[in-house]
Amino acid sequence: MEQVGAAALPAVIGGILVFAFLKGVDVFDTFLSGAGEGLHAAVRVLPTLIGLVLAVTMVERSGLLDLVCTLVSPGAKAVGVSPEIAPLALLRPITGSGSSAFSLSLLKRFGPDSETGKIASVLASSTETTFYAVSVYFGACRYKKLLYTVPAALLGDMTAIVFSVLTVKLLG
Amino acid sequence: MLNYIWFAMIAASVVCALVNGRIGELSGAVMEGAQQAVELSFSLLGSMCAWLGFLKIAEKSGLCALLAQGFSPLIDRLFPEYRDNEEIKGKICMNLSANFLGLGNAATPLGLSAMESMAKRNQGAVPTKGMILFVVINTASIQLLPVNMAAMRSACHSAEPFGILPEIWITSAASLLVCVLFCKLMERREGRLWNR
């Protein structure tokens with residue numbers, strides 16, 4: 001199954017190119033004109049990224065994250081989840097690299113096939129980095145009011161937290 | 001919204017660092033964070049250019065439109081505003097497919113391109129319902145095979161790296177469903193406010 005995953009990228013690129021080539025599109029010229037636009041797009045998201053990563057790094061380094069984790073861990077214990085999962089649930093919507101590093105440490109400590117390891121694996125792979133997606137997508141088009149975007153996204157994250165614990169406890 | 005969140009994150013960090021005596025570390029974190037962001041956007045630059053290049057090829061060859069037609073029963077229902085816009089529908093399909101196949105590097109550039117096309121058509125000061133739903137779907141996970149997680153699990157000597165697939169599918173589906181339903185509910189409510 002790992003090979004199937006690894007084959008996805010070459011298969012998609014190959015498919016796009018072969019289809020276009022057969023249709024008579026001048027593929028390289030078209031690629032260049034599209035790729036040129038990437039430069040502007042990357043520059044446009046840079047300010048958003050700086051603001052976001054800066055704030056996330058500050059939250060991590062100031063000890064705020066540890067503090068919040070200690071505050072929520074009694075709640076986690078009450079529902080029968082090991083309190084070590086709580087930081088992952090908090091990190092996942094905010095930082096992609098931070099949460100992968102943390103899941104890896106959980107897998108190493110508890111073992112990937114333990115209940116905690118399984119919950120961590122399910123939680124980390126069934127959600128995305130919410131704040132990154134929201135701020136990069138909306139930052140690029142410069143909207144100030146986001147209406148119900150953030151509540152909707154966070155509701156999804158909370159559902160994922162509940163279901164990752166439920167599915168592992170019931171199925172695993 | 002992001003104004004408040006961003007301000008709260010930074011203000012709370014400063015207070016927390018003062019209390020914990022970590023203010024020295026915090027001042028290092030500010031510049032380090034800014035540098036990390038630049039590194040991140042440099043690594044994004046490559047995939048951004050490459051994927052926008054491939055997107056252009058897919059658009060010119062008609063593959064995008066074909067994808068949009070194929071998925072239109074689903075896309076039309078989710079994004080009724082863009083029912084007649086093949087370009088936007090095609091870009092949305094490309095982004096969702098990239099997410100589904102686990103091509104994270106491709107999903108961001110394709111998604112940004114879709115957002116830009118939607119923003120170009122929108123005259124108002126607030127994002128359209130379609131834009132919100134699109135971003136919210138992108139904050140949920142619709143990945144078919146979580147390859148990175150499986151790699152991480154096998155690196156930790158898991159007996160079955162893909163053994164948690166059913167759990168992941170159920171959890172992602174539940175989370176996605178809740179996101180979409182909530183958005184659809186809010187769309188109606190906003191419509192009612194609009195009419196008053």
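Labels below follow one simple rule: chain letters A, B, ... track the order of the sequence lines, proteins then strands, and each chain is numbered from 1.
Looking only at side-chain heavy atoms (C-beta outward), A:D157 and B:T139 stay at 4.5 Å or farther from each other. Side-chain atoms of A:Y148 and B:K129, non-hydrogen and from C-beta on, do get closer than 4.5 Å to each other. In this structure the side chain of B:I5 reaches within 4.5 angstrom of the side chain of A:F131, judged on heavy atoms. Between B:F182 and A:T159, every side-chain heavy-atom pair lies at or beyond the 4.5 Å cut-off. No side-chain heavy atom of B:F54 sits under 4.5 Å from any side-chain heavy atom of A:V27. Using a 4.5 Å heavy-atom cutoff, the side chains of B:I132 and A:L146 are not in contact. By the 4.5 Å heavy-atom criterion applied to side chains, B:M94 and A:I16 are counted as neighbours. Two residues are said to be in side-chain contact when any heavy atoms from C-beta on lie closer than 4.5 Å; B:M131 and A:C141 meet this criterion.
Residue B:L55 does not touch chain A at all, counting heavy-atom pairs closer than 4.5 Å. If you measure heavy-atom distances from B:V180 to chain A, you find no contacts under 4.5 Å at all. For chain A, the nearby parts of B:A174 are the backbone and the side chain; heavy atoms of each come within less than 4.5 Å. Residue contact with chain A, scored on non-hydrogen atoms closer than 4.5 Å, involves the side chain of B:M149 exclusively. Neither the backbone nor the side chain of B:S47 comes within less than 4.5 Å of any heavy atom in chain A. Residue B:M31: no heavy atom, backbone or side chain, is found under 4.5 Å from chain A. Heavy atoms closer than 4.5 Å to chain B are found nowhere in A:D29, neither backbone nor side chain. Heavy atoms of B:L66 lying under 4.5 Å from chain A belong exclusively to its side chain. Looking at B:A125, only its backbone comes within 4.5 Å of chain A, counting heavy atoms on both sides. Only the side chain of B:N20 comes within contact range of chain A, with at least one heavy atom under 4.5 Å from a heavy atom of that chain. For B:E167, the parts sitting under 4.5 Å from any heavy atom of chain A are the backbone and the side chain alike. For a residue to count as touching a neighbouring chain, one of its non-hydrogen atoms must lie under 4.5 Å from one of that chain's; by this rule B:W169 does not touch chain A.
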Please determine whether side chain to side chain contact (heavy atoms under 4.5 Å, CB included) holds for the pair B:T171 and A:S125, giving the CA-CA distance in whole Å, both sets of side-chain angles, and the decisive distance to 0.1 Å. CA-CA 9 Å; B:T171 306; A:S125 13; over 6 Å; no
Any chance you could lay out the side chain to side chain contact (heavy atoms under 4.5 Å, CB included) test for B:I168 and A:F163, step after step, and finish with the verdict? CA-CA 9 Å; B:I168 292 181; A:F163 268 80; over 6 Å; no
Check the pair B:L112 / A:R44 against side chain to side chain contact (heavy atoms under 4.5 Å, CB included), numbers first and verdict last. CA-CA 10 Å; B:L112 278 174; A:R44 252 196 321 274; over 6 Å; no
Yes or no on side chain to side chain contact (heavy atoms under 4.5 Å, CB included) for B:I164 and A:V168, after CA distance, side-chain angles and deciding distance? CA-CA 8 Å; B:I164 39 146; A:V168 170; 5.5 Å; no
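Separating the CD1 atom in A:I50 from the CD atom in B:Q35 is a distance of 10.0 Å, to the nearest 0.5 Å. One finds the CG atom of A:L147 at 10.0 Å from the OG1 atom of B:T128 (value rounded to the nearest 0.5 Å). In this structure, CD on B:Q143 lies 7.0 Å from CD on A:E128, to the nearest 0.5 angstrom. Note that the NZ atom of B:K56 and the OG atom of A:S33 stand 4.5 Å from one another [nearest 0.5 Å]. If you take OG1 on A:T57 and CD on B:Q36, they are separated by 5.0 Å, rounding to the nearest 0.5 Å. Rounding to the nearest 0.5 Å gives a distance of 9.5 Å between CE of B:M118 and OH of A:Y137.
Of the listed residues (B:A114, B:A29, B:A58), the greatest number of heavy-atom pairs within a distance under 4.5 Å of chain A belongs to B:A29. Of the listed residues (A:G51, A:G15, A:A120, A:G24), the greatest number of heavy-atom pairs within a distance under 4.5 Å of chain B belongs to A:G51. Note on A:S121, A:A152, A:S164: by heavy-atom pairs under 4.5 Å with chain B, the leading option is A:S121. Chosen from A:S62, A:A55, A:S103, the residue pairing most often with chain B at heavy-atom distances under 4.5 Å is A:S62. Counting heavy-atom pairs closer than 4.5 Å to chain B, the top-ranked of the candidates A:E60, A:R61, A:K23 is A:R61. Of the listed residues A:V25, A:L39, A:D113, the one with more heavy-atom pairs under 4.5 angstrom with chain B than any other is A:D113. Interface remark: of the candidates A:K108, A:K118, A:H40, A:K118 forms the most heavy-atom pairs closer than 4.5 Å to chain B.
Other residues, nucleotides and ligands contribute only 12 or fewer heavy atoms inside 6.0 Å of the CZ atom of B:F71.
A:T149 approaches B:V136 most closely through the heavy-atom pair O-CG2, 3.7 Å.
Salt-bridge formation is detected for the pair B:R22/A:D66: a Lys NZ or Arg NE/NH1/NH2 atom is positioned less than 4.0 Å from an Asp or Glu carboxylate oxygen.
A:S126 places no side-chain N or O within donor-acceptor distance of the main-chain N or O of B:S172, the cut-off being under 3.5 Å.
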